[in-house]
Amino acid sequence: PRPLVSSKYPKAWPWSPDARRLYELTDCKRTKNGGWGFILEHVSPRGLVISSLIDASNELSVSEFIEKLRLDMRGAVNTKQDNQKLEKAKVGRNYPGGVNPVAEPWSRYKHAGLDPATFAPLTM
């Protein structure tokens with residue numbers, strides 16, 4: 001089986017419930033102008049990840065840096081509507097105030113009313 005949907009969206013990543021439903025209703029084997037309505041979302045906003053990596057770069061060994069990068073670059077597949085919920089909750093590019101992103105990487109989703117426990121990879 002193919003590990004990607006439409007040559008872009010990893011089946012092994014967590015998919016939101018709406019993204020999984022959209023996948024089941026769509027023939028993603030063919031190209032569609034404007035895309036399928038899926039969004040590759042970084043669980044941790046990229047700008048914050050880059051700042052964090054720069055700040056930690058002098059203190060971490062190479063293996064620690066690689067592990068931090070691996071954890072911080074986690075992703076999910078959302079729908080455009082899921083992404084709009086993050087933006088509307090004002091956590092599209094930031095974490096909610098007072099949240100430790102290392103301890104609660106999915107806090108942006110919780111804050112926007114998206115339950116991380118309902119995200120799951122597509123069955124292959």
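Just so it is clear, the structure is predicted and the values come from calculations on it, not from any experiment.
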Checklist line | Side-chain heavy atoms of Arg74 within contact of His42, under 4.5 Å | finding: no
Next item on the list: Give, for atom OG of Ser44 and atom OH of Tyr95, the distance between the pair rounded to the nearest 0.5 Å.
Entry: 3.0 Å
Check: Would Ser16 and Asp82 count as having a side-chain donor-acceptor pair, cut-off 3.5 Å?
Finding: yes
Next item on the list: Using atom types as modelled and distance alone, determine if a side-chain donor or acceptor of Glu59 lies under 3.5 Å from a backbone N or O of Ala56.
Entry: no
Next item on the list: Output, in order, the C-alpha distance, side-chain angles, deciding distance and verdict of salt bridge (charged side-chain N to carboxylate O under 4.0 Å, His left out) for Arg108 and Glu41.
Entry: CA-CA 12 Å; Arg108 296 170 50 239; Glu41 164 69 16; 2.8 Å; yes
Check: Would you call Leu40 and Trp13 a side-chain contact if the rule is heavy atoms closer than 4.5 Å?
Finding: yes
Checklist line | Closest contact, heavy atoms only, Thr118 versus Arg20 | finding: O-NH1, 3.0 Å
Notebook entry, point to check: In Å, rounded to the nearest 0.5 Å, how long is the span from CG of Asn78 to CG of Leu114?
Noted result: 7.0 Å
Margin query: Using a strict threshold of under 4.0 Å (side-chain N to carboxylate O), is an ion pair present between Glu67 and Arg70?
Written below: yes
Check: Are Ser57 and Phe65 side-chain neighbours, meaning at least one heavy-atom pair lies under 4.5 Å?
Finding: yes
Note to self: Rounded at 0.5 Å granularity, tell me how far CD1 in Ile39 sits from CG in Asn83.
What the structure shows: 4.0 Å
Notebook entry, point to check: Any idea which heavy atoms bring Val77 and Ala19 closest together, and the distance?
Noted result: O-CB, 3.6 Å
Item checked: Trp106: side chain to side chain contact (heavy atoms under 4.5 Å, CB included) partners, not counting sequence neighbours -> Pro14, Val43, Ala76, Tyr109, Pro116, Phe119
Check: Under a single-linkage definition using a 4.5 Å side-chain heavy-atom cutoff for Ile, Leu, Val, Met, Phe, Trp and Tyr, are Val49 and Leu60 assigned to the same hydrophobic cluster?
Finding: yes
Notebook entry, point to check: Is Trp15 reaching over with its side chain to a backbone N or O of Arg21, donor-acceptor style, under 3.5 angstrom?
Noted result: no
Check: Taking the side chain as C-beta and beyond, is there a heavy-atom pair between Pro17 and Asp115 under 4.5 Å?
Finding: no
Check: Mind checking what makes salt bridge (charged side-chain N to carboxylate O under 4.0 Å, His left out) contact with Glu104, not counting sequence neighbours?
Finding: none
Item checked: Nearest heavy atoms of Pro45 and Gly92, plus distance in Å -> CG-O, 4.4 Å
Margin query: Taking side chain to side chain contact (heavy atoms under 4.5 Å, CB included) as the definition, give me every residue that meets it alongside Arg93, ordered by chain and number, with sequence neighbours left out.
Written below: Glu87
Checklist line | Stepwise side-chain contact (heavy atoms from CB on, under 4.5 Å) check, Tyr9 with Leu4 | finding: CA-CA 5 Å; Tyr9 307 99; Leu4 299 175; over 6 Å; no
Next item on the list: Evaluate the side-chain contact (heavy atoms from CB on, under 4.5 Å) criterion for residues Asp18 and Tyr23: first the C-alpha distance (whole Å), next the side-chain angles of each, then the deciding distance (0.1 Å), finally the verdict.
Entry: CA-CA 9 Å; Asp18 287 345; Tyr23 171 77; over 6 Å; no
Note to self: So, taking the atom named CG in Leu69 and the one named OG in Ser52, what distance separates them when rounded to the nearest 0.5 Å?
What the structure shows: 10.0 Å
Notebook entry, point to check: If you round to the nearest 0.5 Å, how far is CE of Met73 from CZ of Arg46?
Noted result: 7.0 Å
Next item on the list: Find the distance between NZ (Lys80) and CD (Gln84) and round it off to the nearest 0.5 Å.
Entry: 9.0 Å
